[in-house]
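Order of the sequence lines fixes the chain letters, A, B, ..., with proteins taken first and strands second; residue numbering starts at 1 for each chain. These numbers were taken from a predicted model, which means no experiment stands behind them.
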Amino acid sequence: MSQVVFDPAKVMDVDYTKRTEYHAELEAMRVSRRLLKEVAFTPSLPERGYNGRTLHVDVGTLAVTEKPVTPQMKDLFVGGRGFGLWHLWNAVTPRTRWNDPENEIVISPGPVCGITQYAGTGKSLVVTLSPETEIPIDSNVGGYFGPLLKFSGFDALELQGKSEKELILFIDGQKGILRLEEAPVGPVDSHVLAEVLTALYAENDADRVNVSVVSSGAAAGHSLIGMLNFSWFDTRRGCIRLKQAGRGGIGTVFRDKGIKALVCRGPRVRGDLNRPADLETLAKVGIKYHREIRENDPHQCMMRRNGTAHIVEIMDAYDLLPTHNFQYGSHPDTHRIASTYWQQRCTQVTADGCWYGCSMACAKGADGLVLKTGPYKGHTVTVDGPEYENAAGLGSNCGVFDPDWLLELNFYCDTYGICTITWGTLCAFVMECYQRGILNEERTGGLKMTWGNAEADLEMMHQLARGEGFGRIAGQGVHRMKKIFAERGWGDPRLLDDIGMENKGLEYSQYMSKESLAQQGGYALTNKGPQHDEAWLIFMDMVNKQIPTFEDKAEALYYFPLFRTWFGLAGFCKLPWNDVVPADNARQPEAHKVPEHVQNYVDLFTATTGWKITKEELLVQSARVYNFQRVFNIRMGKGLREHDRAPYRSMGPVTREEYESRAERYDRQIVEEMGLDPSGMSLEEKMAAHRRWREERYRKLTDAVYLRRGWTPNGVPTLERLKELGLDALPEVVDVVRQHL
Amino acid sequence: MKQLRIDVGRCDYGRHCEHECEHACAEKVFKLKDPAMAALHIRELPDGKGVAALCDQCGDCVVVCPADALRRNKPGVILLDKKLCVGCYMCVGFCEKDVFERNPEWLEPYKCISCGICVKVCPRAALEIVDVPEPAPRII
Ligand code: SF4
Ligand code: SF4
Ligand code: SF4
């Protein structure tokens with residue numbers, strides 16, 4: 001692969017300040033809002049990253065309470081995802097379902113979240129019981145809401161109960177007022193709603209940067225795959241931008257609770273609002289990192305030019321780009337949705353970080369998109385230039401290689417409040433079912449779900465947003481579609497199980513793990529289901545070849561889920577960790593861990609909290625939360641070995657065509673790995689031999705990983721492990737484990 | 001656009017002068033005692049030559065600033081609006097000439113404002129303020 005050369009002359013000339021404006025919607029919202037309750041609170045700034053306060057709002061009873069953050073919470077859970085899981089644990093029982101009022105949505109910025117000197121430091125974590133998996137889901141999201149919530153006075157926001165009215169919660173951290181309002185009319189879809197609410201709650205134009213909105217969209221309420229958008233105001237474009245808490249249906253819970261939006265108006269941001277222990281270190285480490293981006297990014301990933309989309313062509317070149325529901329790993333049309341195109345399509349002379357100080361600035365925006373379908377047909381909009389996951393999921397995996405259609409799909413997923421990754425994988429599943437005759441025009445109610453048919457794909461989505469037709473079935477996700485199809489006698493249930501790319505009820509994200517044992521584990525041996533948050537190992541396994549042996553892979557499945565969990569405890573984004581690396585990184589021991597950056601994180605955490613940690617202690621902080629989450633899963637009825645089973649499509653060739661597309665590689669493996677002679681074998685025999693070998697390999701990997709993690713062969717954390725981590729201080733955690741030993 | 005220039009033939013890099021420019025910049029413009037904190041840097045090198053680091057008002061820092069806190073004024077000089085600055089120091093990290101400055105006492109960084117005070121104090125008349133066309137914003 002040769003390095004892409006960025007040519008500034010080819011960047012399209014698009015006026016990034018022009019887009020459709022929503023004045024009527026703003027007026028409708030302004031006149032129809034009605035105050036239900038107003039409560040005063042004392043705004044505060046964090047001290048060394050913590051306010052020590054949690055805000056709890058019951059949207060059913062409208063009760064507003066404050067709770068302290070205890071020293072034990074900080075010791076055991078740090079913040080962010082840790083706080084979210086702990087609050088959720090206390091809110092639910094093993095019988096709680098996602099749509100019970102006691103289920104909570106917890107939003108928590110970690111202690112480091114909100115510093116402005118380093119890249120990727122505005123992340124908050126959202127935790128709830130997922131409608132898709134029925135266990136806790138957590139999602140790491142940018143946008144300004146988390147930092148502004150913290151600078152208003154709170155380390156976490158718990159939302160519980162259910163409202164019968166369409167509710168807006170407004171937290172005014174400048175004035176110390178919290179308002180619950182009814183908003184019966186007006187927009188639900190995020191690109192309009194966040195724009196309107198930002199204008200409505202800001203005191204003047206300059207105040208708009210201090211306002212952030214959390215919202216979902218019309219499709220979230222009719223599906224299980226709803227997602228949340230977190231906004232920030234982009235001063236140069238003069239519009240709101242959105243970042244997503246995507247996976248696992250958090251937006252569905254939000255809409256089920258009757259929440260239309262959360263709005264936070266914080267104080268004007270400055271570089272020291274976190275009141276860190278050692279600002280000088282934050283400045284030094286931050287400037288060193290900004291320089292590294294300036295010098296290395298143009299020769300490495302070009303994140304500032306194309307965001308994460310740079311790996312589209314790399315994945316294709318290595319036969320790892322999911323194509324046609326993960327059947328194949330490349331496609332001749334990939335160049336049409338590769339980074340060279342996005343560099344030209346995205347606006348370039350602007351700052352595209354989703355929080356201040358993000359020099360990696362991957363939140364590229366594609367401006368001037370004129371929509372061709374749906375309720376906003378003809379509108380000119382700004383949409384995020386697709387991230388890799390969206391280009392692969394909405395694009396190659398569904399056979400869509402037209403970049404404009406891809407942007408439109410991305411736009412509607414965002415504004416309708418559904419997860420792009422989930423939609424990509426479930427639509428690819430629908431399309432393969434259509435290809436194999438499991439679905440047909442009659443069964444889909446007229447949708448011709450052929451590969452690459454973006455218009456049908458979009459119509460399915462518009463149906464979901466309207467709550468009708470086959471779109472509603474699709475919106476149940478792959479796990480439930482498999483059941484529905486099987487019940488109706490559509491297709492062979494075993495085939496559906498093999499090709500339906502989900503585990504624990506969550507759809508796979510967009511990497512072809514068939515040839516990467518490490519990524520197979522990285523997907524299915526996870527707490528929350530197959531995503532790339534916990535263990536994105538495909539690149540180091542298949543491209544950089546940094547974890548060649550079985551032991552390396554098992555070790556990587558111990559280390560990386562823990563290391564990556566930590567970003568969500570402290571309030572960091574993961575991308576700045578390894579999407580740029582120091583020039584001499586390859587010469588360092590354990591280069592795949594990017595040791596200099598690990599040290600940066602240790603230093604940033606210590607400089608913010610004043611709490612001296614080492615890189616080993618960083619892992620222990622994570623291990624506590626990671627194991628706690630595993631126990632939480634077990635408490636909710638999942639989290640055992642049987643739930644870590646992976647669909648065969650993620651492990652090997654399900655169909656004849658898949659085998660034939662890589663026959664040479666697969667035949668060679670029969671000789672080299674299995675010691676058999678393929679020449680006398682039929683295709684079916686070869687496929688069966690592969691399946692045995694691959695499933696056995698995955699079984700062995702599972703054993704090795706569980707052992708390394710300190711779990712029993714059934715995937716249960718041992719009492720010794722809990723003790724080692726100090727989790728035996730929580731008797732209710734120990735009780736859950738005892739029942740499974 | 002007003003731009004500070006140095007004539008490298010005239011500047012003797014502190015061999016005979018007292019770094020008057022740096023002193024004047026630090027003390028008079030920014031009210032800082034340490035001349036090393038000035039918005040320009042003149043350094044003698046062991047080989048008898050020297051280096052001067054000056055802001056040429058290129059505008060790279062304007063492009064990277066996430067808070068829109070850096071703007072050109074009418075004469076084209078880039079100024080920092082402290083009310084908007086969020087102290088992220090991206091401007092500092094992205095300045096290729098390493099002349100976007102910060103010091104441990106201040107939250108906001110600072111830079112050359114092409115005021116010409118250094119020009120006036122240079123005993124060898126090596127510095128001048130010139131008027132040159134503003135460059136188009138670069139993609140950074
Ligand atoms: S401070 Fe640096 S980046 Fe900014 S205008 Fe001056 S030379 Fe250019
Ligand atoms: S430190 Fe201030 S002026 Fe410099 S880039 Fe950040 S916000 Fe802009
Ligand atoms: S022009 Fe003014 S601000 Fe710039 S280096 Fe000279 S004295 Fe300092």
Side-chain angles (χ1 to χ4, degrees), chain A residues 6-9 11 114-119 121-122 147 206 209 232-238 268-274 278-295 297-298 304-305 343 346-361 363, chain B residues 1 30 32 34 36-37 39 41 53 55-72 76 78-111 133-140:
Chain A
F6 170 64
D7 181 357
V11 178
I115 69 165
T116 58
Q117 292 78 22
Y118 199 81
T121 53
V209 288
W232 78 96
F233 188 73
D234 182 329
T235 46
R236 289 186 174 88
R237 286 184 169 87
R268 190 180 78 71
V269 174
R270 291 167 57 90
D272 61 351
L273 292 194
N274 241 343
D278 173 8
L279 186 62
E280 187 58 18
T281 296
L282 296 183
K284 286 196 172 128
V285 179
I287 292 170
K288 179 184 74 162
Y289 186 84
H290 296 328
R291 291 207 170 107
E292 195 179 311
I293 292 265
R294 181 188 97 204
E295 283 159 15
D297 184 53
R304 290 182 61 81
R305 296 285 77 81
Q343 292 183 350
C346 293
T347 298
Q348 294 292 357
V349 192
T350 186
D352 274 322
C354 69
W355 174 241
Y356 298 115
C358 190
S359 41
M360 183 152 265
Chain B
M1 147 186 117
F30 297 109
L32 292 162
D34 185 354
M37 289 179 176
H41 302 290
C55 168
D56 61 4
Q57 311 296 340
C58 70
D60 284 3
C61 50
V62 178
V63 175
V64 297
C65 174
D68 233 357
L70 296 164
R71 305 257 173 102
R72 282 189 197 276
I78 292 155
L79 301 180
L80 184 149
D81 182 344
K82 283 197 189 177
K83 289 199 302 298
L84 295 177
C85 174
V86 298
C88 70
Y89 309 133
M90 271 167 59
C91 49
V92 177
F94 276 79
C95 173
E96 286 182 352
K97 290 118 213 164
D98 274 337
V99 287
F100 214 125
E101 310 290 333
R102 67 167 281 279
N103 66 57
E105 270 79 61
W106 295 6
L107 201 49
E108 287 88 16
Y110 56 100
K111 66 176 286 297
E134 219 173 83
R138 262 202 332 152
I139 294 172
I140 306 297

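- Scanning for side-chain contact (heavy atoms from CB on, under 4.5 Å) contacts around A:E280 gives A:D278, A:K284, B:R102, B:P104, with sequence neighbours left out.
- With a 4.5 Å cut-off on non-hydrogen atoms, A:V209 does not touch chain B at all.
- Smallest separation of non-hydrogen atoms from A:G357 and B:C88: CA-CB, 3.5 Å.
- Between B:C65 and A:A351 the shortest heavy-atom distance is O-CB, 3.9 Å.
- When side chains are defined from C-beta on, A:R291 counts as touching B:D98, because their heavy atoms get closer than 4.5 Å.
- Using a 4.5 Å cut-off between heavy atoms, A:T350 contacts chain B through its backbone alone, with no side-chain atom that close.
- With a threshold of 4.5 angstrom between heavy atoms, A:L282 does not approach chain B through any atom at all.
- For A:F6, the part lying near chain B is the side chain, with the backbone staying farther off; criterion is any non-hydrogen pair under 4.5 Å.
- Within a 6.0 Å sphere centred on NZ of B:K83, heavy atoms belonging to other residues, nucleotides or ligands number 12 at most.
- The distance from the CD atom of A:Q117 to the OH atom of B:Y89 is 6.0 Å, given to the nearest 0.5 Å.
- Remark: the backbone N or O of B:I140 is paired with a side-chain donor or acceptor of A:R304 at under 3.5 angstrom.
- A:R236 places no side-chain N or O within donor-acceptor distance of the main-chain N or O of B:D68, the cut-off being under 3.5 Å.
- Of the two parts of A:R268, only the side chain, counted from C-beta on, holds a non-hydrogen atom closer than 4.5 Å to a non-hydrogen atom of chain B.
- Most heavy-atom pairs under 4.5 Å with chain B, from the set A:A361, A:G286, A:C358: that is A:C358.
- Atoms NE2 and SG, on A:H290 and B:C91 in that order, are 8.0 Å from each other to the nearest 0.5 Å.
- In this structure the side chain of A:R305 reaches within 4.5 angstrom of the side chain of B:I139, judged on heavy atoms.
- Between B:R138 and A:V349, the shortest heavy-atom contact is O-CG1, 4.0 Å.
- Using a 4.5 Å cut-off between heavy atoms, B:E108 contacts chain A through its side chain alone, with no backbone atom that close.
- Between B:L107 atom CG and A:T116 atom OG1 the span is 7.5 Å, to the nearest 0.5 Å.
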